[in-house]
Protein chains: 2
Amino acid sequence: MSLRYALLGFLGLDSMTGYEIKKNLDQSTQLFWHAGLNQIYPTLKKLETEGLVTAEAESQDGKPDKRTYTITPAGSEVLHAWLAEPLSFLPPSKNAGLLKIFFSGSLENAAVLRQLETQLELRRKQLRRYEGETRQVIEETVAATGLTREGTMWELVRELGEAHERAYVEWLERAIEKVRQLP
Amino acid sequence: MSLRYALLGFLGLDSMTGYEIKKNLDQSTQLFWHAGLNQIYPTLKKLETEGLVTAEAESQDGKPDKRTYTITPAGSEVLHAWLAEPLSFLPPSKNAGLLKIFFSGSLENAAVLRQLETQLELRRKQLRRYEGETRQVIEETVAATGLTREGTMWELVRELGEAHERAYVEWLERAIEKVRQLP
DNA sequence: TGTTTATATATCACTTATGATATATCGCAA
DNA sequence: TTGCGATATATCATAAGTGATATATAAACA
């Protein structure tokens, strides 16, 4: 149940609505955490009943009330305790793309190559995104908010994303070569 | 809902029980797919009612019946259709370790370093596992079963795992250096 | 002798996550 | 002028996943 910490993490940077958290989530952490609005709104309410965040409703004409959430001192404490707690084990992850490749032994070469080439294209696109858009968003956010220390961490994580995508791309290129030479 | 395909994938290699699938899962795909027995057993039953696998119960003294599952032609077809279908988008993944680092801007250096060093240790252990144990298991399985084409795919996926862990290790080492120099 | 681990399946409660749909307005483009 | 995307929140049903517990035996271990 780390979504609560992701939400607290964003609210630790600035007060905002669930809708804005979702936008930030999509723009920055989508590589390592994601959630839909239907999960974010109820979780925020839960955090509110636990006293970790407070909400200020601002009624708008026509539109539903805008609920701006703010982290409380108790929320900050919970967040920091979680952040400081060292990871005790590597949480297992899921990757349907690798699952497909792993079991592709019984497919004919052409089908495997189609699969590998599609994944290569997707990975190249993602690599370019990390090198460009993601990098820019971080730079601009740091410039706009002055959060340089936070920016260092964001940039670190971005660099890993880039390194991983690069590893994917190089690996897929080699894999395609290898499969081409298969009988 | 890819667990069904993971199960079909294993049954495509050989008939086996849910318990044996779990062992194989833990030994090979745990990096990119995992599941508990409480998820595997009901899913196998579901696949059975759909006619994608058949079960042969073998009563044992004392122990519960051993249900050995076998993939059907219909099951093979479903599996191959899924394997051949190119990934249409990169499925989002979750990584609590990166989430912690991403939001660590408000922590003091010492706490961040503890976090990074713990994760570095875990990643080094995993890297050694890919280089040693995982590699061996693949070699031995290929030698025992003669599944050389499948073995090529398993080895490919293992190589990516190794490359990714190596990227993690190098990145964490650099990250520790960078955080040490932070004011 | 008692405890843990392995074999083998199963159920139950609960949490987490996804997809669909609803409401309501504004601006923009086809 | 019709429809789509953005803003903003919410509910509902279902699916997927986790943790705990139960049964039953044998072997390994301390």
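Per chain, numbering begins at 1; letters A, B, ... match sequence-line order. These numbers come from a predicted model, not from an experiment.
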Side chain of [X] only, please: which of [options] is the nearest?
| X | options | answer |
| --- | --- | --- |
| A:Thr17 | C:dA17, C:dT9, D:dA8 | D:dA8 |
| A:Arg67 | C:dT9, C:dA10, D:dT9 | D:dT9 |
| A:His34 | C:dT18, D:dG17, D:dA8 | C:dT18 |
| A:Lys66 | D:dA8, D:dG17, C:dT7 | D:dA8 |

- Query: Do B:Met153 and A:Val112 come within less than 4.5 Å of each other through their side chains, counting heavy atoms only?
  - Reply: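 When only atoms from C-beta onward are counted, A:Val112 and B:Met153 do touch, with a gap below 4.5 Å.
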
- Item | Side-chain touch B:Glu150/B:Val142, heavy atoms, less than 4.5 angstrom |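 Heavy-atom side-chain distance check fails, nothing below 4.5 Å.
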
- Task: Check each residue of residues 48-57 of chain B for a non-hydrogen atom within less than 4.0 Å of any atom in DNA chain D, then write out the ones that pass by number, or none.
- Result: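 Residues of residues 48-57 of chain B that come under 4.0 Å of DNA chain D do not exist, since none gets that close.
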
- Query: If you look at every strand shown and take non-hydrogen atoms under 4.0 Å, does A:Lys22 touch a base, only sugar-phosphate, or nothing?
  - Reply: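 The answer is nothing, as A:Lys22 stays clear of every strand by at least 4.0 Å.
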
- Query: Any side-chain N or O of B:Tyr19 under 4.0 Å from OP1/OP2 of C:dT9?
  - Reply: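 Result: no.
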
- Phosphate OP1/OP2 of C:dA10: any B:Tyr41 side-chain N/O under 4.0 Å: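 No, because none of the side-chain N or O atoms of B:Tyr41 sits under 4.0 Å from OP1 or OP2 of C:dA10.
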
- Message: So, under a plain 3.5 Å distance rule, would you say the side chain of B:Asn38 forms a donor-acceptor pair with the base of D:dG17?
- Response: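 It does not, because no donor-acceptor pair links the side chain of B:Asn38 to the base of D:dG17 below 3.5 Å.
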
- Would you check, one step at a time, whether the test salt bridge (charged side-chain N to carboxylate O under 4.0 Å, His left out) holds for A:Glu170 with B:Arg166? CA-CA 14 Å; A:Glu170 286 166 12; B:Arg166 195 160 279 140; over 6 Å; no

- Tell me whether the centres of the aromatic rings in A:His164 and A:Tyr130 are closer together than 6.0 Å.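 Ring centroids of A:His164 and A:Tyr130 are no less than 6.0 Å from each other.
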
- Query: Please, which pairs that meet ring pair (Phe, Tyr, Trp, His ring centres under 6.0 Å) have at least one residue in residues 11-52 of chain A, sequence neighbours excluded?
  - Reply: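 Found A:Phe32-B:Phe102.
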
Provide, to the nearest angstrom, the distance between the [atom1] atom belonging to [X] and the [atom2] atom belonging to [N].
| X | N | atom1 | atom2 | answer |
| --- | --- | --- | --- | --- |
| A:Leu44 | D:dT9 | CG | P | 9 Å |
| A:Leu3 | C:dT18 | CG | C1' | 13 Å |
| A:Ile21 | D:dT7 | CD1 | P | 15 Å |
| A:Lys46 | D:dT9 | NZ | C1' | 19 Å |
| B:Met16 | C:dT7 | CE | P | 14 Å |
| A:Leu37 | C:dA20 | CG | C1' | 14 Å |
| A:Ile40 | D:dA10 | CD1 | C1' | 13 Å |
| A:Glu58 | D:dA8 | CD | P | 9 Å |

Salt-bridge present ([X], [Y]; N to O < 4.0 Å):
| X | Y | answer |
| --- | --- | --- |
| A:Arg4 | A:Glu50 | yes |
| A:Glu131 | A:Arg135 | no |
| A:Arg158 | A:Glu133 | no |

- Message: Judged by each residue's nearest nucleotide on DNA chain C, which is more toward the 5′ side, B:Gly18 or A:Gln39?
- Response: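 Whichever sits nearer the 5' end wins; that is B:Gly18.
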
- Considering heavy-atom distances to DNA chain C, does B:Lys23 or B:Lys94 have its closest nucleotide positioned more toward the 5' end?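 It is B:Lys23, whose closest nucleotide lies nearer the 5' terminus.
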
